[in-house]
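Residue numbers start from 1 in every chain, and the chains themselves are labelled A, B, ... in the order their sequence lines are given, proteins ahead of strands.
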Protein chains: 4
Amino acid sequence: MDEAPESEPLLNPTGREPKQGRSRASFERMLAAATDLLMERGNDDFALTDVAKRGKVSIGSIYCRFDSKDDLIQVVQHRFIDRMIIEQSEMVARMTAKAGDLDSLVRAFVEELAEFLKRNAPVMRPMMQRAASDPVVSALGQRGYQDLADKVQTALLARREEIGHNLPELAIDTILRVAYSTFARHLGFGMTGGNYNKADWKNLKTEVGVMCSTYLRNAHR
Amino acid sequence: MDEAPESEPLLNPTGREPKQGRSRASFERMLAAATDLLMERGNDDFALTDVAKRGKVSIGSIYCRFDSKDDLIQVVQHRFIDRMIIEQSEMVARMTAKAGDLDSLVRAFVEELAEFLKRNAPVMRPMMQRAASDPVVSALGQRGYQDLADKVQTALLARREEIGHNLPELAIDTILRVAYSTFARHLGFGMTGGNYNKADWKNLKTEVGVMCSTYLRNAHR
Amino acid sequence: MDEAPESEPLLNPTGREPKQGRSRASFERMLAAATDLLMERGNDDFALTDVAKRGKVSIGSIYCRFDSKDDLIQVVQHRFIDRMIIEQSEMVARMTAKAGDLDSLVRAFVEELAEFLKRNAPVMRPMMQRAASDPVVSALGQRGYQDLADKVQTALLARREEIGHNLPELAIDTILRVAYSTFARHLGFGMTGGNYNKADWKNLKTEVGVMCSTYLRNAHR
Amino acid sequence: MDEAPESEPLLNPTGREPKQGRSRASFERMLAAATDLLMERGNDDFALTDVAKRGKVSIGSIYCRFDSKDDLIQVVQHRFIDRMIIEQSEMVARMTAKAGDLDSLVRAFVEELAEFLKRNAPVMRPMMQRAASDPVVSALGQRGYQDLADKVQTALLARREEIGHNLPELAIDTILRVAYSTFARHLGFGMTGGNYNKADWKNLKTEVGVMCSTYLRNAHR
DNA sequence: TATGAATGAGTATTCATTCAT
DNA sequence: GATGAATGAATACTCATTCAT
């Protein structure tokens, strides 16, 4: 009661964000430095002293704004998820705009998703990796994913009558999962750090597009 | 000629495996303890002192058998990959045996793969995570995957005439990637450590099966 | 321009010397403890934990000020060399002041050098020993020696006309080397830790003085 | 009574030297390996496991023959001193043979000594270094030096009447010390590992020769 | 509020020495 | 005797966190 006033306490690790100019600026520098270092060096080799150095802040200042190293990272991820959620809206809008029939809609969706993930890979990689040991980051990641899932449901259900699958919601959920997982793994999220097949990114996008479209339009159980 | 007689020296970190009884036993205890701790605690918080304690061996003994902490982990993973490769053979044999037409073959394949990954998830999770920072483990993982890919190609190409896709090899490669990635992510390999959706494992298997089968039999570019 | 503004970067390992009171004090305690331990125990058996204990500082503090154990030792030696260089100036001034003719100048030089080395023996012993394995310390030692050599050249060349040797510079270089080596060995620099003949220090000084004086005034090739 | 039957117990660390063929051979391999490693790597980085490997003997065998690592090293040094003592005899014989007058005798002595030290530098360097921390090795070194001093006394006193110095024994003692120290330092015994002045070895020998000869023949207090 | 010096628990690794086989 | 596996104390170094100024 003292610590968890809301229903999602874990998902709101926002640090102690100052509103004023000077403090605010150094707060932002901390986050920027942390983000950069996370991208450059991954989760191991991520030391607060480096954040302090890079952000031209003192260690003490960091602890003034964040409870712990974990907290700092969580805030970084939280901010990133927020940005991602915005980008996801744009992405879905874009794909809907392009769309003629369901087939082209699904292909556009797959293409957009692929490029979206590729674009954000540098931040998502360490985030995914961290999710393995930090439940807060894990929850944060799920929140972003869930947001996307909802939007994709809405966008594709608009073409419900063209969906051949007799459980459209499940089918949409499936294609998102499949496409997301496949691209994420190819991009090395949280795993290998390198691609299994670098050259065939284009092929992969096409084939996954075909697969998802075919499945959604034709499959039934 | 002096050190690396084979083409894959990095993939053979086998430690110094004793053949006799007593030494052998403690060697195995080390590996068992390391495997357990890796599964329980992940790659961070994996300390050699704990391996020593749990395996009832001295630190010195570990260094007697392994060059370094990394080497120990690599040997653990190497052993696991070896076991997996055997299991993969059995898996492919089983799915081939069951098969009537291509559709049932692909569904069997997806089902087998899903359960195979689920069965091995506890070991694969830390392995995938480690692959992010240890190139040797990464290479080991790719070896296992490539072995599976080859076997799956052979098994499915036996039904070549039933494949509708005009690039059968690419299509087979794609369904393996897609299925592997989707299940791996669901099982939390290298990432969240927990399922996003626990209940719908069964659904997921079915849908991925349908998707792969449909794609392979009907899709063409 | 970024890292090595001077021509002798290796010779300037000064640690991170704080200027303020409290930090400064513990910095000095570290150096004092390190110096003492080096003198008491030599280079082997010189452990940072002991420095920490003796200096009443934490291990972390030491690493806050010095990059490594080697760096700490180098700073100790560097400081010592700096003090020695000052002392050498005084020494040469003193011997010049006393001097009547070249003979008395050389004898004064030998006497001063002998006592100078004896006085500094406790610190020079471990320093010489360390020079065997640490090139930075070796360079530091040479710098100190070279400084002395230059000053001695100047002081004795002032009496050039009294030098019988037809290569005065070589002769002066030689008497410094000979006297330095002889006293250093007698004092156990870098070697035996004890004197071969403790009693005859006085005799040794006299004889070396005679030898050097005779040689410089009379010898010719 | 059990441990120190003689007056020089410390100077007789001969290990447990077997007389028979096979054991003897491996005993010799141990010593040879130890000697090589001492010369190659110095006193630090000298590990018994390496001696075992290089000598193709087991660690256990080494401990069967020697009480400890220190004991092994002492035996190595002891053997070396024995060889040196023989060589010293030859050296003195040679210089006596060459000699015309005292001047040429002293010059021959200095030349011989210089080359003798240079020849044996690889073994003497680690030995001198070790003497700093191991009193047994120190005593061993003194024994070798003392043997040489005695022989040199005899050889030069044969020319007593040509000695100008009014304390011939002291003078001879002095020139040995001076020459020995100077060359030893130049060759980096126990200290820098490298020469201060590489090129002028020849010059140094000449000048020290001149200095010693002049001193011995002309100096008086 | 801000600073950064200080802390010290934690970790990988080495190596002389012992002892069961 | 010979072997080499096993031991574990010792040691350099890292880094999240605290707290006096």
Side-chain angles (χ1 to χ4, degrees), chain A residues 16 18 20 22-23 26 44-53 56-72, chain B residues 16 18 20-27 30 44-52 56-72, chain C residues 16 18 20-27 30 44-52 56-72, chain D residues 16 18 20 22-23 26 44-53 56-72:
Chain A
R16 283 170 285 282
Q20 313 145 0
R22 174 167 286 277
S23 302
S26 76
D44 314 330
D45 303 357
F46 175 84
L48 286 190
T49 48
D50 294 329
V51 176
K53 226 166 285 162
K56 303 200 179 302
V57 215
S58 67
I59 291 280
S61 289
I62 296 177
Y63 274 88
C64 205
R65 299 302 180 185
F66 304 95
D67 292 334
S68 66
K69 184 188 178 184
D70 280 6
D71 187 42
L72 167 59
Chain B
R16 284 170 283 281
Q20 312 148 2
R22 174 168 286 274
S23 301
R24 178 68 190 217
S26 76
F27 181 79
M30 286 172 206
D44 314 330
D45 303 356
F46 175 84
L48 287 189
T49 49
D50 295 328
V51 176
K56 302 203 178 300
V57 214
S58 67
I59 289 283
S61 287
I62 297 177
Y63 276 89
C64 207
R65 300 301 178 185
F66 304 96
D67 292 333
S68 64
K69 184 189 177 182
D70 279 6
D71 187 44
L72 167 59
Chain C
R16 283 170 284 281
Q20 312 148 0
R22 175 168 287 272
S23 300
R24 179 67 191 218
S26 77
F27 181 79
M30 286 172 207
D44 314 329
D45 302 357
F46 176 83
L48 287 189
T49 50
D50 296 328
V51 176
K56 301 203 179 299
V57 215
S58 67
I59 290 283
S61 287
I62 297 177
Y63 276 90
C64 206
R65 300 300 178 186
F66 304 95
D67 292 333
S68 64
K69 184 189 177 185
D70 280 6
D71 187 44
L72 167 59
Chain D
R16 284 170 284 283
Q20 315 146 359
R22 172 167 288 274
S23 301
S26 76
D44 314 329
D45 302 357
F46 176 82
L48 286 190
T49 50
D50 294 328
V51 176
K53 227 166 283 165
K56 302 199 180 301
V57 216
S58 67
I59 291 278
S61 289
I62 296 177
Y63 274 87
C64 204
R65 298 303 179 184
F66 304 95
D67 293 333
S68 65
K69 184 188 178 183
D70 280 4
D71 187 43
L72 166 59

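Looking at every heavy atom in both residues, A:Ser58 comes nearest to A:Ala52 through C-CB, 4.2 Å. For A:Tyr63 against A:Lys69, the heavy-atom pair with the smallest separation is OH-N, 4.3 Å.
Side-chain contact between A:Asp50 and A:Lys53: present, with at least one pair of heavy atoms (C-beta onward) separated by less than 4.5 Å. Between A:Arg65 and A:Ser26 the shortest side-chain heavy-atom distance does not fall below 4.5 Å. In this structure, the side chains of B:Val51 and B:Val57 stay at 4.5 Å or more apart for every pair of heavy atoms.
Among the protein residues, D:Ile59 comes within range of the nucleic acid bases, having at least one heavy atom under 4.0 Å from a base atom. Using a 4.0 Å heavy-atom distance criterion, D:Ser26 is classed as making no nucleic acid contact.
In this structure, B:Lys56 atom NZ and F:dT7 atom C1' are separated by 16 Å, rounded to whole Å. Look at OH on B:Tyr63: it is 17 Å from P on F:dA9, rounded to the nearest Å. Rounded to whole angstrom, the span from the CZ atom of B:Phe27 across to the C1' atom of F:dG4 amounts to 16 Å. Between C:Asp71 atom CG and F:dC13 atom C1' there is a gap of 13 Å when expressed in whole angstrom units. Rounded to whole angstrom, the span from the CZ atom of C:Phe46 across to the C1' atom of F:dA12 amounts to 12 Å. Taking atom NZ on C:Lys69 and atom C1' on F:dT14, their separation rounds to 17 Å, with Å as the unit. At whole-Å resolution of the value, CG in C:Leu72 and C1' in F:dT11 are 14 Å apart. The CG-C1' distance, from A:Asp50 to F:dC15, rounds to 10 Å in whole Å.
For the atom pair CD1 of D:Ile62 and CG of D:Asp71, the computed distance is 12.0 Å after rounding to the nearest 0.5 Å. C:Ser68 OG to C:Leu72 CG: the interatomic distance, rounded to the nearest 0.5 Å, is 8.5 Å.
Where C:Asp67 and C:Asp45 each meet DNA chain F at their nearest nucleotide, the meeting point lying more 5' is that of C:Asp45. Looking at which nucleotide of DNA chain F each of C:Ser68 and D:Ser23 is closest to, the 5′-most match is held by D:Ser23. Comparing A:Ser58 and C:Val57, the nucleotide of DNA chain E nearest to each residue sits closer to the 5' end for A:Ser58.
Protein chain C contacts DNA chain E over a range whose 5' and 3' limits, counting nucleotides with an atom under 4.0 angstrom from a non-hydrogen atom, are E:dA5 to E:dG8.
Helical stems involving DNA chain E, defined as 3 or more consecutive Watson-Crick or G-U pairs under 3.5 Å, span E:2-21 with F:2-21.
Phosphate contact (OP1/OP2 of F:dT3, side-chain N/O of D:Ser61, threshold under 4.0 Å): present.
Partners of A:Asp67 under the salt bridge (charged side-chain N to carboxylate O under 4.0 Å, His left out) rule, at least two apart in sequence or in another chain, are A:Arg16.
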